[in-house]
Amino acid sequence: MHDIRFVRENPAEFDGALKRRKEPPLSATLIELDAARRRSIGEAEEAQALRNRASQEAGQARATGNLTAFEELRAEVSAAKDRISKLEREAEENSRALDDLLMTIPNLPHADVPDGSDESENLEIRRWGNPPEFDFEPLEHFRIAGAAVGLDFESGAKISGSRFVILSGALARLHRVLSQFMVDTHVTANGYTEKWTPVIVREEMMWGTGQLPKFGGESYQLTDGKWLVPTSEVSLTNIASGMIVAEGSLPFRYCAHTQCFRSEAGAAGKDTAGMLRQHQFEKVEMVSVTVPRCSDDEQRRMTRCAEGLLEELELHYRTVSLCTGDLGFGARRTFDIEVWLPGQGKFREISSVSTCGDFQARRMNARYRPADGGHPEFVHTLNGSGLAVGRTLIAILENGQRADGSVALPAALSPYLNGKLMLSPEGDLV
RNA sequence: GGAGACGUGGCCGAGUGGUUGAAGGCGCUCCCCUGCUAAGGGAGUAGGCGGGGAACCGUCUCGAGGGUUCGAAUCCCUCCGUCUCCGCCA
């Protein structure tokens, strides 16, 4: 959510930033709504002040036994009531009209974010490693013999519908072990505190992180009104909601391994083969809460934490800075990490590290008290995948595949696999 | 699912109709004292919104909304949330 005072004082800058995101200018509308809001608040408060004064005088009149004055003042207070409630209602309506609009406006892009209309204009900022070389045509993950054994799409579809899979045997273990490896690394090497979180959240949490009001269609809502999280960013970031924390206690660095649920309403026909895009998937998420001056550095740090995992897993990747047209609703700047998938011959997103500035913090009222004793200020929030577990599994399968249908697994997983670093063509760990 | 209790400031915790935006404690900030990784004394310290250059003024907020009253944190209603006990259960 945006600071209306910023809009009021910097309308041209505000509209200019929106324009970079291909959004129409809104400052004039916002300022108009704000003016109406402030006018009606002023009128309501004026009426309230009158009432308060009369009411207090009435009390004094009664106390001193001046009953004539008391009756007069009492009538005055009564008369003011209707007028006040009308003005209050008006002020409330005007405030809500402004907030309703503000809640639908995406975050403004960071100055560093490249302009562009879609993912083709994202800016590559880094590349690590080289694509593995094969003396055969590399296959997509679900066609690799050793992996296909453990991918039961038929049962997944029978039980739950399309875009659900059952992992079986060694593949299920490999998937589980990957998440352990990721969380362990974040906890022991990256300074994150592991959290075990609910995946069912109250509706207001979905507003706080920005899924609502515009993107409810991409998530699942339960019959009691609560939501299944599309990412544990929702659970983790909202830990700070409604709080005023000491500056000295920041940054918060949390990570969690959770199920994520996405209805992907708009993704019909996209990535239908394999387990790249599922309604239910696992992700290890990192969330940081910082003071404003530290959030840029924190985003770089967080990106490095995600990249480090891929390097440990010996997976070729590149990091891109999303252009304005590809930026998510709440993000100010996003670095996507794309892993090389030999079977597709493409880089595919495996992590997305975003800074939201104070955008989410305003929505969820997450603040800190400055060490110098000043007034509370909004924190900055950041989130990043570290990493998407299913996609990491895919990457390991496709990058490690061999001509006979077996898969060589990265050495970093050795402690988790009892040193068995090969998936046989029959789908066994050997 | 059944029964009950509760919801106050950064935190804990008083407060059942009238300067109570709110005692007290903790925490924090500043000052004093103290020859020292201790203790003591004093002062200050809620948030939002509106107006103002500022000092400051106004207004709202004691879970939320509504009601009673000249006046409510305090009384009434509704809702939300939390906790406890019982039941069921991983």
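In what follows, chains are A, B, ... by sequence order, proteins preceding strands, each numbered from 1.
Nucleotides U8(B) and G63(B), compared at atom C1', are 10 Å apart to the nearest Å. The P atoms of C12(B) and G17(B) are separated by 26 Å, rounded to the nearest whole Å. On the C1' atoms, A46(B) is 14 Å away from G27(B), given to the nearest whole Å. Here, A39(B) and A54(B) have their P atoms 41 Å apart, quoted to the whole Å. Using atom C1' as the reference point in both C36(B) and C56(B), the two lie 43 Å apart (nearest Å). Here, A43(B) and U61(B) have their C1' atoms 27 Å apart, quoted to the whole Å. Taking atom P in both U45(B) and G10(B), one finds a spacing of 14 Å when rounded to whole Å. Comparing the same atom, C1', in A73(B) and in A38(B) gives a spacing of 41 Å after rounding to whole Å.
Pair assignment for G24(B): C12(B), on the basis of Watson-Crick or G-U wobble contacts that are both within less than 3.5 Å. Summarising the base pairing, U69(B) is matched to no nucleotide, lacking a Watson-Crick or G-U wobble pair whose two defining distances lie under 3.5 Å. Pair assignment for G4(B): C83(B), on the basis of Watson-Crick or G-U wobble contacts that are both within less than 3.5 Å. Nucleotide G40(B) is matched to C32(B) when pairs are restricted to Watson-Crick or G-U wobble geometry with both distances under 3.5 angstrom. In this structure U78(B) sits in a base pair with A64(B), meeting the Watson-Crick or G-U test at under 3.5 Å.
R51(A) has a side-chain polar atom (N or O) that falls below the 4.0 Å cut-off from OP1 or OP2 of C60(B). A close approach under 4.0 Å does not occur between any side-chain nitrogen or oxygen of R369(A) and OP1 or OP2 of G27(B). Distances shorter than 4.0 Å separate some side-chain N or O of R367(A) from OP1 or OP2 on G48(B). OP1 or OP2 of C60(B) sits under 4.0 Å from a side-chain N or O of N52(A). Taking side-chain N and O atoms only, R38(A) has no distance below 4.0 Å to OP1 or OP2 of C49(B).
Ring centroids of F261(A) and H279(A) are separated by 6.0 Å or more, keeping the two rings apart. Proximity of the aromatic rings of H380(A) and F359(A) is defined here by a centroid distance below 6.0 angstrom, and this criterion is not met.
If you check G47(B), G58(B), G50(B) against the side chain of I41(A), the one that comes closest is G50(B). Distance from the side chain of V77(A) is smallest to G71(B) among G50(B), G71(B), G47(B). Of the candidates G58(B), G71(B), G10(B), G10(B) carries the atom nearest the I244(A) side chain, counting heavy atoms from C-beta on. Counting only heavy atoms from C-beta on, P376(A) has its side chain closest to G47(B) among U59(B), G47(B), G50(B). The side chain of Q48(A) lies closest to C60(B) when the candidates are G50(B), G10(B), C60(B).
Nucleic acid contact for R39(A): none, since no nucleic acid atom lies under 4.0 Å from a heavy atom of the residue. Nucleic acid contact for R8(A): sugar-phosphate only, since backbone atoms but no base atoms lie under 4.0 Å from a heavy atom of the residue. R202(A) comes within contact range of the sugar-phosphate backbone alone, with a heavy-atom separation under 4.0 Å but no base atom that close.
Smallest separation of non-hydrogen atoms from C255(A) and H186(A): SG-CB, 3.9 Å. Contact record, I200(A) with K226(A): CG2-CB, 3.8 Å, taken as the closest heavy-atom pair. Listed here is the closest heavy atom pair of A331(A) and R21(A): O-NH1, 3.5 Å.
For the pair D34(A) and L73(A), both in contact range of RNA chain B, the more 5′-proximal nearest nucleotide belongs to D34(A). Mapping G42(A) and A58(A) onto RNA chain B by nearest heavy atom places G42(A) closer to the 5' end of the strand.
Computed from coordinates, the E204(A) CD to G63(B) C1' distance equals 12 Å when rounded to whole Å. For the pair E57(A) CD and U19(B) C1', the interatomic distance rounds to 14 Å; values are reported in whole Å.
The distance from the CD1 atom of I394(A) to the NE2 atom of H175(A) is 9.0 Å, given to the nearest 0.5 Å.
Using a cutoff of 4.0 Å between basic side-chain nitrogens and carboxylate oxygens, D296(A) and R333(A) are scored as salt-bridged.
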